Every structure is written in structure tokens, then in C-alpha cells.
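Bear in mind that the values here come from a model prediction, so they are computed numbers and not experimental data.
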Amino acid sequence: MDLKRLKQTLSRIDGKGYKAYKDLQGEYRFPHFQLMIDYVQGDPFAAPSRIRVRMPQSEAKIPEEWFTQPHRKVALEDWIARVWAEKAARYSFRAKGTGKSGLIGVDRPGQEILPRTAAVVTRDYVEVRVTVGLPAQGRRVLGRKAEEMLCDYLPRLVMEATPADSIDREGVEERMKLVDNQRAIRQYLKEKGWIAFIANSAVLPRESGISDRPLKGENVVEFRAPESLEVSVKVPHGSPIRGMAIRDGITLIVGGGYHGKSTLLNALERGVYDHIAGDGREYVITDAEAVKVRAEDGRRVEKVNISPFINNLPFGRDTVRFSTEDASGSTSQATNIVESLEMGASCLLIDEDTSATNFMIRDGRMQKLVAKGKEPITPFIDKVRQLYEEKGTSSILVLGGSGDYFDVADTVIMMDEYLPYEVTREAKEVARIQTNDRSREGGEEFGEVTPRKVLGKGFDPRKGKKEKVDAKGLRSIQFGSTVVDLSGVEQLVDVSQTRAIAEMMRLIGKKADGGKTLRELIEAIYAEIGQKGLDVISPFKGQHPGDLALPRKHEVAAAVNRLRTLRVL
């Protein structure tokens, strides 16, 4: 009966102005599923309409063992979103018209398996959140085309992509085995207190600088662990997986240019997320609290205690509550490290190529020429050991030109033609024979990491008379009248994460009253997500929650810290 009502409405509004499509909002029962039209765009060129398709489990028949455990539920919902995105592309734009007419789309996942709002599986139903472009000629309703789209193409798509009988069961079972194994390796690392694991035969290089897909061809070098660092990890499915363990402490990745140092570090950066089969990095697993930090000239800083690294600035500028509208390379890198520590980073991932040279090292000759009393920066080399021993925070550093770090390293890995070799003993021998004449700087302790309490007055989502909060691509957020630049936040991998961060920033602004630290505010949001699901951060309550994927707490904090209107106590 509801299907008939939908067709009647489409017939009635055929040829009318585009806003007549608003009459479609509501719920409709189809033979095997329910259609919910939550939002109708006001113009064929505007953001697409949002609909939900909900199929009861009596029809879908998804096995419960696929979604009763949280990590399996995420993997299943990711799988369904991928299937829908692939199959929707075959029906998209068949209904021709102006602007976005005929669009049928689902938030398409990338190489990572992330919690996202595109699909939800419960014991009662399977729901997929879809964007559609309702057909128009100019700004006139094309009712017959819309009927074809909603009453023909969409039901066919639903039946092809949702019921268990239509899903590749063998493929889903393999996905479940993969995520079970990934979870087991993460647990192994946690038990050992180690930072990362890279499986033998992993493919680390990517297709290109703009593609995250694995490099293919006869020149691909598969990863192989050096014997001294090789471990075997028991997993629930299949034989134990062998590969290289990166233990806690201070690890250096060295080697000549173009031999794979940064490629390895990039794989470790992305290893905080699980990856799909065929990615090449399925079993590159990094502790989820590892954070990539870099220099970031020009970023704003709001009352961060960078005194562990920087003191005695000219004109008596405060570094215990350091603020600037235009940070230098060294002050920005110090800030990025301290902000990561505020959020509980377990390991810092640092590439010499994206670091401030004067922050990383000050050699003996420079120390003799420029006395410490004239140099406000304590280089990272003199803090990295204290950071680990006092705070428990490890470091993995890519270095090509600073052998002084051999003195403080626990492990040294040399990359040679994309293969790793442990050279710790050789590096220590070089350090013994070729002694440096630099003096340690920065005192006997690392220093304090000072949590900051956030004020809500720095969060104004309004632009003019309306709220404007949204992602502008992967690395930019429009928050009211302010643009938040995330170009230095390198572990963001999906624009849907950026959209989620924008919504979380809106929530943080509402809850910040100066009584809680940034970490406490963010953790409260994640606790609510853990109880109610990612939908809870969406402004569309009880409706299509938008295209959101879960970011890490670290990237949420990074975005807040880069909000140029941020105010803290």
C-alpha cells in the first residue's frame, strides 16, 4: 500500500517545481524492506537527498556470529557498505536529468576498516544509509524518472546487496578470520608492551603519491623480517604469522635515500587501523595510540607547556603557557609532541624529513659556537630517553643524517633496497669509536605535561546567521567563520573521519565550560559512542546520520588544537 502511495505522490508532483519533492519525506513499506526518506534536497544542484533502507532480519538472515563481537560488527558493516557502494555505482545516474539527478551513492570505504555510519546491523534489522539525487529537468520534478529510480532501481539494488543469500558468504567468512587475526596481534602487542608488528610478505609501497592502493608488478619487494627481530604470533585462524616486532623504547630507521625508510614509517602510521585483504598491509599492526608528529610552521598554539623543549625565549616570552598565532618549525613540533602526550600517545612517529632540524639535533660544533644560555631549544635527542623512561612513551624515528641518535637508541633498523636489517650492534660500535663531542642539554628530567581545560567561548559554529560546520576535503574543516587546517595531521585517512571530527568539535563546544580538560571532553564523547554508536554525534537525530567514520581521539584533539579561536584556562 505504501509503495502505491509513493507512486501516487510522484505522479501528482510530476512537472512541478523541485521543492515539491519535499512531499516525499516519510516512510514507505516495500515487499522486503522499509524506505525512509529523511531529507529532500531543495535544488538539483544542492547536497543530495538522504534516505535509509531498512531490511528486517527475517528477510536479511545475517548470521549473528558475524556481528555479536564489536570488531566483527565493524568489519561486517564495512563489508556491506563496500558492496552497496560498488553495486550502487551500476544504477547511479541511470535516471538522467539536471545536476545530481539520478545519483545513488553510499559512503565508500577506502583501504582501512573503520566504524562508520553507512551501514548498521542489529539483531532486528540491516540498515543502509544512501544519498540520492532526485531527478529534475532544470528545476522541475521528473516524477516518472523518480518512480523508476525509487520503485525499480532501488528495490533491485536492495535485493542484490543486503540479504545474506546475496552476499558473498565465503568472502565475509574470510573477512571475519582476518579481523579476528588482526585483533589477536593487537592483543599480543599489548601484552608484550610493544609498538608494532610487520608480517613477512607484507607489501608496503603504495601505487603512487595520490593512491593508497598497493604497488604491483615485478619490482615489488615483499617485506622480510631480519632474523634477530623476527617473532611468531599465534592467531585464531591459520598458522602462526611471522614477522618483525618493533619493541618499545627508541627505534631508529636508517639507510640511504630511496631505500624505504619513509615507506616503512608510513605503513606504521597507517597500522593504527585495520586494513582490508589485498591491501598488502593487512598484518602491519601498530599500537592504536601511536602518533605521527612533525614540524608545522604557521599553526596557532594556545597555552601549551612546551618548556620541556623550549625555554628562555627572547623578551621573556612564557613557554609554560606558550601561545602564538604563527608557530615556527621548532615551536610547532614541540607543541605537537606535548599535545600528543596530553592525549596519552604511546609512541611518537617522527620523520627527519618533516622535522625542524634545530629541534631534532644540535651538534657539538654548534654548541661550542652558540652557548646553551643563548639557545632556547633543547633538542629532541636530549629528551627522547627521558620521555621513554619517565612517561613510558616510545619513539620511532626515520633518520638519514644524524648519527648522534645512535647513542640513545635501543634498536637500529637499516633499510636497504626496501628490506630491513638490524644494525644495532654496528651502530653502537660506530658510536663508541667515533665519539661525538656534544654535551647533553635540558636537565635531568623530561618536565611536566600540563593538561589544559577548555572554554566553550572559543567554539562558535555560526557563519552569519546560520551554523556552518563541515569537512572541506580530508584535511580541512569549516567551523563557523574559521577554517581548521589539518594538513599536518597525517594519520587522517578518510574524509568521513574529518566530517565526524567536525561534528565532535560542535559537541565539545557545547560541553566545554572550563571544568574539564580536552582529553576528558573527548573521552566523554567516545564513551557515549561506545554505548550508543557513532550515530550519536550526528545532528540528524533519528534520521540519516550523514557520512561519518570514526576518527581516533588524537585526530579530534589535533583539530581542536588547530582551531584558531580556541580558548583554554
Between [X] (side chain) and [Y] (backbone), is there a donor-acceptor pair under 3.5 Å?
X	Y	answer
Ser496	Leu548	no
Thr517	Arg452	no
His544	Val130	yes
Thr565	Gly458	yes
Gln41	Asp43	yes
Glu269	Lys292	no

Pair [X] + [Y]: basic N to acidic O under 4.0 Å:
X	Y	result
Arg12	Asp23	yes
Arg206	Asp279	yes
Arg270	Asp212	yes
Glu27	Arg29	no
Lys216	Glu207	no
Arg564	Glu325	yes
Glu523	Arg519	yes
Arg462	Glu467	no
Glu86	Arg108	no
Glu65	Arg72	no
Asp107	Arg116	yes
Arg129	Glu127	yes
Glu173	Arg169	no

Under 6.0 Å from the six-membered ring centre of [Y] and within 45° of its axis: does the NZ or CZ of [X] meet both?
X	Y	answer
Arg139	Tyr18	no
Arg50	Tyr39	yes
Lys553	Tyr526	yes

Where [X] and [Y] come nearest, the two heavy atoms and their spacing:
X	Y	value
Val203	Arg281	O-CG, 3.7 Å
Ala500	Ala549	CB-O, 3.2 Å
Pro236	Ala184	CD-CB, 3.6 Å
Pro109	Asp78	CB-OD2, 3.5 Å
Glu520	Gly515	OE1-O, 4.4 Å
Arg144	Asp14	N-OD1, 4.1 Å

For the residue pair [X] and [Y], confirm or rule out a side-chain donor-acceptor distance under 3.5 Å.
X	Y	value
Tyr273	Gln497	yes
Arg186	Asn181	no
Ser487	Asp485	yes
Arg552	Gln491	yes
Asn336	Arg299	yes

Is [X] atom [atom1] crowded by more than 12 heavy atoms from other residues, nucleotides or ligands, each under 6.0 Å away?
X	atom1	answer
Lys22	NZ	yes
Arg156	CZ	yes
Arg183	CZ	no

*Going through the distances and angles, do Gln111 and His275 end up as a side-chain hydrogen bond (donor to acceptor under 3.5 Å, both in side chains)?*
CA-CA 6 Å; Gln111 298 297 101; His275 287 75; over 6 Å; no
_Between Asp535 and Thr117, is the side-chain hydrogen bond (donor to acceptor under 3.5 Å, both in side chains) condition met? List the steps._
CA-CA 6 Å; Asp535 287 8; Thr117 59; 5.1 Å; no
*Calculate, to the nearest 0.5 Å, the distance between atoms CZ and CG belonging to Arg175 and Asp180 respectively.*
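The CZ atom of Arg175 sits 12.0 Å away from the CG atom of Asp180.
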*Check the angle between the aromatic planes of Phe30 and Phe33 and answer parallel, tilted or perpendicular using the 30° and 60° thresholds.*
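Phe30 and Phe33: parallel rings.
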*asked:* Check the orientation of Tyr153 and Tyr91. Use parallel for under 30°, tilted for 30 to 60°, and perpendicular for over 60°.
replied: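 Tilted, since the angle between the ring planes falls between 30° and 60°.
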*Report the C-alpha distance between His71 and Asp274 in whole Å, list the side-chain angles of each, state the deciding distance to 0.1 Å, and finish with yes or no for side-chain hydrogen bond (donor to acceptor under 3.5 Å, both in side chains).*
CA-CA 10 Å; His71 72 286; Asp274 290 339; over 6 Å; no
